[in-house]
Amino acid sequence: MYNMEFLLQYSRFIIEGFITALTMTIIGVSGGAILGIITALLDVYRGRVSKVLVGIYVEFFRGSPLIVQLLIFYFSIPAITGLNWDAYTAGAITLILNSGAYQKGYFKGAVEAVFKDQLMAAASIGLTFRQTLRHIVLPQALRIVIPAWTNELVSLGLSTSALIIIGVRELTSIAKTIAAQTFRPLEVYFTIAIIYFIWITIMLKMMDIVYRRVRIPGLEVSI
């Protein structure tokens with residue numbers, strides 16, 4: 001019979017694992033958003049060389065498994081370059097680069113969704129390219145992108161479980177250790193699944209509230 005009382009003695013470790021997973025998610029999505037915006041703008045507004053370089057970056061991180069990327073950045077990159085970083089640093093860098101590749105597509109679509117006549121109007125009143133980006137394009141694109149960005153937030157939150165492969169003690173890694181010590185995998189993994197479910201549901205509801213408050217009339221997208 002399902003009984004989770006024995007897990008109370010491991011509650012501190014479970015909480016630490018959850019905090020690690022949450023922290024890595026925030027780092028990955030935030031860093032990925034910055035990288036996604038930069039690469040999207042380069043792809044939309046810059047020359048062929050920028051587009052090719054951005055394309056290579058995106059195709060690599062979207063076309064290879066996250067676990068393989070984690071192994072590359074934790075084992076291969078330090079071996080080649082002589083860099084010395086721990087599993088958490090390697091994991092954070094990989095999540096940022098991986099998320100940035102996906103967010104580039106989201107932000108590119110949002111940037112291109114800004115009506116061309118607005119850009120023409122901005123030019124007609126003498127706004128520079130940077131001013132147009134700052135005052136016209138990005139304020140709208142950042143609101144349009146929220147539904148797709150929410151999906152990335154959820155996806156990356158779940159993907160933090162892959163960090164187990166390089167030894168990061170996040171939620172799934174903690175669960176594996178507890179299950180091995182107690183020989184009760186059913187209760188352990190089911191409890192962890194519930195934690196993930198509650199966490200992801202709360203994030204979705206929060207982002208839904210944010211989007212409803214800042215959405216642009218006529219350009220609504222359901223989350």
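Residue numbers start at 1 and run along the sequence shown.
- With contacts defined as side-chain heavy-atom distances shorter than 4.5 Å, the pair M206/I202 qualifies.
- Hydrophobic cluster membership is shared by F6 and I195, with clusters built from Ile, Leu, Val, Met, Phe, Trp and Tyr side chains linked at under 4.5 angstrom.
- Here the straight-line distance linking atom CD1 of I27 with atom OG1 of T160 works out to 11.5 Å at 0.5 Å rounding.
- The shortest side-chain heavy-atom distance between N98 and L70 does not fall under the 4.5 Å cut-off.
- You'll find the side chain of I80 stays beyond 4.5 Å of the side chain of F75, heavy atoms only.
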Handout entry: Stepwise side chain to side chain contact (heavy atoms under 4.5 Å, CB included) check, L22 with F18
Key = CA-CA 6 Å; L22 179 61; F18 171 73; 4.3 Å; yes

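- Partners of T177 according to the side-chain contact (heavy atoms from CB on, under 4.5 Å) rule, which considers only residues two or more places apart in sequence or in another chain, are R169, Q181.
- Using a 4.5 Å heavy-atom cutoff, the side chains of L95 and L163 are in contact.
- Minimum heavy-atom separation, V154 to M203: CA-CE, 4.4 Å.
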Practice task
Kindly determine whether T172 and Y196 satisfy side chain to side chain donor-acceptor pair (under 3.5 Å), including the steps that lead there.
Solution key: CA-CA 10 Å; T172 304; Y196 273 112; 3.0 Å; yes

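- Among all heavy-atom pairs drawn from A90 and W85, the shortest one is CB-NE1, 3.7 Å.
- With a 4.5 Å cut-off on side-chain heavy atoms, T20 and T23 do not count as touching.
- The hydrophobic cluster containing L35 does not contain V145, counting ILVMFWY residues as joined when their side-chain heavy atoms lie under 4.5 angstrom apart, directly or transitively.
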Problem - Evaluation steps, side chain to side chain contact (heavy atoms under 4.5 Å, CB included), between F73 and I166 - result: CA-CA 10 Å; F73 277 87; I166 58 173; over 6 Å; no

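- Using a 4.5 Å cut-off between side-chain heavy atoms of Ile, Leu, Val, Met, Phe, Trp and Tyr, with links allowed through other members, M207 and V214 fall into the same hydrophobic cluster.
- Scanning for side-chain contact (heavy atoms from CB on, under 4.5 Å) contacts around K176 gives I164, Y189, with sequence neighbours left out.
- For K51, the NZ atom sits in a packed shell: over 12 heavy atoms of surrounding residues, nucleotides or ligands are nearer than 6.0 Å.
- With a 6.0 Å cutoff to the six-membered ring centre and a 45° limit on the axis angle, R143 does not count as a cation-pi contact of Y211.
- The two residues I174 and G17 come nearest to each other via the heavy atoms CG1-CA, 3.9 Å.
- Nearest heavy atoms, Q103 versus G32: NE2-C, 3.4 Å.
- Looking at L156 and Y102, their side chains never come closer than 4.5 Å, going by heavy atoms from C-beta outward.
- Residues L158 and L97 do not share a hydrophobic cluster, clusters being chains of Ile/Leu/Val/Met/Phe/Trp/Tyr side chains in contact below 4.5 Å.
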Handout entry: Criterion side chain to side chain contact (heavy atoms under 4.5 Å, CB included) on D43 and V58, from CA distance to verdict
Key = CA-CA 11 Å; D43 192 19; V58 170; over 6 Å; no

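- Using a 4.5 Å heavy-atom threshold, the side chains of V29 and W149 count as touching.
- Within the 3.5 Å criterion, the main-chain N or O of F13 finds no donor-acceptor partner in the side chain of E16.
- In this structure, F107 is not a member of the same hydrophobic cluster as I38, with clusters built from ILVMFWY side-chain heavy atoms closer than 4.5 Å.
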Exercise for the section: Check step by step if side chain to side chain donor-acceptor pair (under 3.5 Å) holds for E170 and S161. Expected result: CA-CA 7 Å; E170 46 69 55; S161 60; 5.6 Å; no

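- Proximity of L66 to F61: side-chain heavy atoms (C-beta onward) are nowhere separated by under 4.5 Å.
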